[in-house]
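The figures here come from the full heavy-atom set of this structure, side chains too, leaving out hydrogens, waters and symmetry mates. Every chain is numbered from 1, with letters handed out A, B, ... down the list of sequences.
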Amino acid sequence: MTIIKLHNTKTRRKEVFTPLNPDNVRMYVCGPTVYDRAHLGNARPVVVFDMLYRLLRHVHGADHVTYVRNFTDVDDKINAKAAQTGRSIGDITAETIRWYLDDMGALGALEPDHMPRATAYIGAMIAMIEDLIAKGHAYAAGGHVLFAVDSYSRYGALSGRTVEDMIAGARVEVAPYKRNPMDFVLWKPSTDDLPGWDSPWGRGRPGWHIECSAMAQELLGASFDIHGGGIDLAFPHHENEIAQSCCAHPEGGFATVWMHNEMLLVEGKKMSKSLGNFFTVRDLLDQGIPGEVIRYVFLMTHYRKPMDWTADKAAQAQKTLENWRSVTRDLHPTPLSQFAPDPALVAALANDLNTHSALARVNELRTKPQKLLDNARFLGFLSDGYRQATSVQGIETTGNTAMPESSDMLSSLAQKLNDLRAVAMQSKDFADVDRLKAALLDAGIEVRMSKDGVELVPGPGFDPAKLEGL
RNA sequence: GGCGGGUUGGCGGAGAGGUUACGCAGCGGAUUGCAAAUCCGUGUAGACCGGUUCGAUUCCGGUACCCGCCUCCA
């Protein structure tokens with residue numbers, strides 16, 4: 001069996017991964033707060049943990065992995081959006097979830113086995129909070145329920161800080177009802193215009209962190225294997241999750257391995273609205289950048305390093321993928337039951353998700369197109385959708401430039417070019433040939449002429465309208 | 001102030017204490033009516049200063065610079 005090594009934030013070391021139960025490898029990844037389109041940074045953990053999911057399914061069997069990624073559908077940002085637009089919260093969250101799944105699907109990410117919504121687990125959260133109060137780890141005050149960080153000696157262990165250090169930094173919310181300034185909210189009161197649920201502490205809503213603790217407990221149990229997310233979540237979110245879960249369920253260890261992806265930069269700078277370099281996955285897709293190109297750019301960089309999104313990298317990735325597509329154009333994927341991924345590729349992934357090496361390995365397979373195709377698909381590339389969308393047949397399915405006959409048109413144009421060329425070979429007058437070729441190039445078509453004949457391959461900028469009259 | 005990460009050739013970006021990374025771009029060649037595509041070949045590294053070592057870009061320490069977190073954030 002493949003030995004998987006993963007970097008564990010908890011120990012700050014790369015460790016051999018040993019599942020608690022090999023028949024059910026369990027992974028929880030923090031999902032989005034659904035108030036708007038996912039921005040590019042939101043997509044990085046999705047792609048990173050999608051690769052881990054694929055690796056785990058390969059090593060342990062697809063039926064022996066459980067992947068949970070939540071939707072945070074109760075949050076003040078959602079409330080603000082509802083107030084601002086006049087739309088209902090349910091409407092906003094339902095639409096945003098749909099967008100999210102569409103956009104992440106475009107990036108080649110498999111859907112997790114469970115995608116729980118926080119609002120479906122309010123009861124479990126309330127029960128957990130009651131339990132924490134009963135065990136002396138939480139207290140009600142000022143209409144809120146707070147977690148008492150002083151009641152958990154290991155608070156701060158994951159992110160390598162102590163309560164004293166953080167108070168010295170003094171960047172904590174001052175609230176008179178807090179026993180310790182670092183105490184964080186488990187439950188807070190809701191006014192009538194805000195979403196709320198009846199609870200022993202009055203009508204209110206959960207704090208941010210408790211949902212992940214409750215849903216992980218419900219779906220994966222008190223101990224599970226991997227918990228993932230962006231590095232910015234390590235503190236406070238994950239630290240607080242650990243405190244809640246380990247205090248409520250001291251019999252369990254919560255997550256064994258903690259994995260965090262580094263942040264995303266855009267052209268060397270942090271993505272922010274004020275810098276004007278803020279954009280969503282959908283923005284890029286709408287610009288005509290295929291989701292697989294975004295996926296490739298993400299996987300070029302190791303997940304524990306900051307990843308810089310640049311137009312240059314996108315162009316490079318696009319070029320590589322077009323090459324892969326071109327080499328494998330006439331091939332059919334091997335049925336999964338008969339496919340085994342390349343050992344060197346699996347070894348790269350098993351080494352703390354060295355996706356860059358895995359991609360390099362696929363590139364080496366260019367001389368074996370069938371292997372290239374199958375292994376690229378194993379990594380989530382060269383999907384049917386991508387191959388179609390970038391082939392003649394697919395042009396018609398993209399909708400905006402419906403040209404059902406473009407395939408026939410191309411083959412007749414290829415024939416015409418071939419005939420002209422045959423004549424020109426005799427006459428040595430290539431003017432007509434060059435004229436037609438130039439027009440085809442202008443329409444975004446790659447012209448391949450060889451001794452065997454002429455091949456026309458539509459490129460990414462293919463514009464069928466320009467073929468009119470040729 | 002506290003915690004953490006980074007600095008590799010023109011660009012992106014890995015592994016490994018001593019042997020070619022790889023890709024892109026460049027250059028040379030094959031092929032081509034000219035191209036494209038493809039194939040072959042090829043140059044350029046390891047922020048700085050010390051230490052350990054027979055030998056370090058790779059281990060250890062320091063310096064400089066960059067970045068993230070500590071407040072909602074993937």
Side-chain angles (χ1 to χ4, degrees), chain A residues 9 12 29-33 35 38-49 69 72 75-77 80 156 158-174 182 184 208 228-239 260-265 268-272 296-297 299-308 310 312-320 322-323 326-327 347-348 351 354-364 366-367 421-422 424-431 433-434 437-438 440-441 445-451 454-457 459:
Chain A
T9 306
R12 300 180 197 285
V29 173
C30 290
T33 301
Y35 68 103
H39 66 245
L40 196 60
N42 289 314
R44 192 174 187 199
V46 174
V47 172
V48 165
F49 290 104
R69 187 183 63 212
T72 299
D75 180 271
D76 287 348
K77 284 194 288 290
L158 176 71
S159 50
R161 35 188 119 195
T162 64
V163 173
E164 296 75 52
D165 286 346
M166 289 184 280
I167 291 174
R171 277 195 179 180
V172 287
E173 186 191 350
V174 178
M182 292 307 299
F184 57 91
W208 172 36
I231 185 70
D232 55 335
L233 292 182
F235 187 90
H237 184 54
H238 290 161
E239 202 72 74
H260 293 100
N261 61 277
E262 255 293 347
M263 297 289 97
L264 176 125
L265 303 173
K269 297 200 168 77
K270 183 177 179 175
M271 182 164 76
S272 75
Y296 193 100
V297 171
L299 296 180
M300 278 169 80
T301 303
H302 186 85
Y303 76 95
R304 283 192 290 110
K305 286 197 171 184
M307 200 223 74
D308 195 8
T310 63
D312 195 54
K313 273 191 202 172
Q316 193 173 313
Q318 180 135 14
K319 188 167 177 172
T320 302
E322 272 162 25
N323 179 277
S326 164
V327 169
N351 181 17
N354 191 335
T355 52
H356 188 277
S357 290
L359 291 176
R361 180 59 189 152
V362 176
N363 263 313
E364 286 175 19
R366 267 192 293 191
T367 51
R421 179 160 164 265
M425 296 283 243
Q426 300 298 319
S427 67
K428 300 295 176 197
D429 175 7
F430 291 92
V433 182
D434 287 341
K437 196 177 95 178
L440 290 167
L441 290 174
I445 291 170
E446 186 184 298
V447 180
R448 301 181 184 178
M449 285 191 258
S450 68
K451 286 186 286 289
V454 171
E455 240 189 317
L456 299 182
V457 183

Checklist entry - If the P atom of B:G12 is compared with that of B:G50, how far apart are they to the nearest Å? => result 28 Å
Item to check | Separation of the P atoms in B:U42 and B:U8, to the nearest angstrom | outcome: 26 Å
Next on the checklist: Rounding to an integer number of Å, can you tell me how far A:Tyr303 OH sits from B:G13 P?
Outcome noted: 17 Å
Item to check | Whole-Å P distance, B:C59 and B:A37 | outcome: 40 Å
Next on the checklist: What's the gap between B:G13 and B:A30 when it is taken at their C1' atoms, as a whole Å value?
Outcome noted: 30 Å
Checklist entry - With a 4.0 Å cut-off on heavy atoms, is A:His302 in touch with a base, just the backbone sugar-phosphate, or nothing at all? => result sugar-phosphate
Checklist outcome for this item: When rounded to whole Å, the CG to P distance for the pair A:Leu440 and B:A37 reads 16 Å
Next on the checklist: Using a 4.0 Å heavy-atom cut-off, does A:Lys437 contact any base of the nucleic acid, only the sugar-phosphate backbone, or nothing at all?
Outcome noted: base
Checklist entry - Looking only at side-chain N and O atoms, does A:Ser357 come under 4.0 Å of OP1 or OP2 in B:A14? => result no
Item to check | Gap in Å between the two C1' atoms, one belonging to B:G6 and one to B:U57, rounded | outcome: 15 Å
Item to check | Selection from B:G5, B:A74, B:G6 that lies nearest to any side-chain heavy atom of A:Thr33 | outcome: B:A74
Checklist outcome for this item: Nearest heavy-atom approach of A:Ala317 to A:Tyr296 is CB-CD2, 3.5 Å
Checklist entry - Considering only B:U38, B:A14, B:G33, which nucleotide approaches the side chain of A:Asn323 most closely? => result B:U38
Checklist entry - So which heavy atom on A:Ala424 is nearest to which on A:Val433, and how close? => result CB-CG2, 3.7 Å
Checklist entry - On a plain distance test, is the side chain of A:Asp434 in donor-acceptor contact with the base of B:G33 below 3.5 Å? => result yes
Checklist entry - How long is the line joining CG of A:Leu299 and C1' of B:G13, in whole Å? => result 13 Å
Item to check | P spacing across the pair B:U38 / B:G46, given as an integer number of angstrom | outcome: 32 Å
Checklist entry - For A:Val433, which contact category applies under a 4.0 Å heavy-atom criterion: base, sugar-phosphate, or nothing? => result base
Next on the checklist: Just to be sure I understand the rule, does A:Phe430 reach a base, reach only the sugar-phosphate, or reach nothing, if contact means heavy atoms closer than 4.0 Å?
Outcome noted: base
Checklist outcome for this item: To the nearest 0.5 Å, atom CG of A:Leu233 lies from atom OG of A:Ser159 at 12.0 Å
Checklist entry - With rounding to whole Å, what would you report as the distance between B:U58 and B:G18 at their P atoms? => result 11 Å
Checklist outcome for this item: Shortest non-hydrogen pair, A:Thr355 vs A:Thr301, comes out as OG1-O, 3.9 Å
Checklist outcome for this item: Nearest heavy-atom approach of A:Met300 to A:Leu359 is N-CD1, 3.9 Å
Next on the checklist: Any base atoms under 4.0 Å from A:Thr310, or only sugar-phosphate, or nothing? Heavy atoms, all strands.
Outcome noted: nothing
Checklist outcome for this item: Whole-Å distance, A:Arg12 CZ to B:G5 P, equals 7 Å
Next on the checklist: From C-beta outward on A:Phe235, which listed nucleotide comes closest to its side chain: B:C69, B:U7, B:U38?
Outcome noted: B:C69
Next on the checklist: What is the distance, to the nearest angstrom, from the OH atom on A:Tyr296 to the P atom on B:G12?
Outcome noted: 16 Å
Checklist outcome for this item: Closest to the 5' end of RNA chain B, once A:Asn354 and A:Met425 are matched to their nearest nucleotides, is A:Asn354
Checklist entry - How close do A:Asn323 and A:Arg366 get, heavy atom to heavy atom, and via which atoms? => result OD1-CD, 2.9 Å
Next on the checklist: I want to verify a distance call: between B:G13, B:A74, B:G33, whose nearest atom is closest to the A:Pro45 side chain?
Outcome noted: B:A74
Checklist entry - Does RNA chain B take part in any stems of at least 3 consecutive Watson-Crick or G-U pairs (both distances under 3.5 Å), and if so, which ones? => result B:1-7 with B:64-70, B:10-12 with B:22-24, B:26-30 with B:38-42, B:47-51 with B:59-63
Checklist outcome for this item: Considering only heavy side-chain atoms of A:His39, the closest of B:G23, B:G12, B:A74 is B:A74
Item to check | Close side-chain approach of A:Met263 to A:Arg44, heavy-atom, < 4.5 Å | outcome: no
Next on the checklist: Just to be sure I understand the rule, does A:Gly229 reach a base, reach only the sugar-phosphate, or reach nothing, if contact means heavy atoms closer than 4.0 Å?
Outcome noted: sugar-phosphate
Checklist outcome for this item: Among B:G68, B:A21, B:A74, the one nearest any side-chain atom of A:Ala360 is B:A21
Checklist entry - Just how far, in rounded Å, is P of B:A37 from CG of A:Leu441? => result 11 Å
Item to check | Of the listed nucleotides B:C11, B:G23, B:A35, the one nearest the side chain of A:Asp312 | outcome: B:C11
Checklist entry - Which pair of non-hydrogen atoms, one from A:Leu158 and one from A:Ala234, has the smallest distance, and what is that distance? => result CD2-O, 3.9 Å
Checklist entry - Could you give the CG-to-C1' distance, from A:Asp232 to B:C70, as a whole number of Å? => result 12 Å
Next on the checklist: Would the base of B:C11 count as contacting A:Lys313 through its side chain, where contact means a donor and an acceptor less than 3.5 Å apart?
Outcome noted: no
Item to check | Residue whose closest nucleotide on RNA chain B lies nearer the 5' end, A:Leu233 versus A:Met300 | outcome: A:Met300
Item to check | Donor-acceptor contact present, side-chain A:Lys313 to main-chain A:Asp308, <3.5 Å | outcome: yes
Item to check | Side chain of A:His356 (C-beta onward), nearest among B:U7, B:A21, B:A74 | outcome: B:A21
Checklist entry - With respect to the side chain of A:Ile231, which nucleotide from B:G23, B:G68, B:G6 is positioned closest? => result B:G68
Next on the checklist: Whole angstroms only, please: what is the CG-P distance between A:Asn363 and B:C24?
Outcome noted: 7 Å
Checklist entry - If we only count heavy atoms from C-beta on, is the A:Tyr35 to A:Thr72 side-chain gap below 4.5 Å? => result no
Next on the checklist: Using the P atom as the point on both nucleotides, what is the distance between B:C69 and B:A47, in whole Å?
Outcome noted: 26 Å
Next on the checklist: Under 4.0 Å, heavy atoms only, any strand: does A:Leu265 hit a base, just the sugar-phosphate, or nothing?
Outcome noted: nothing
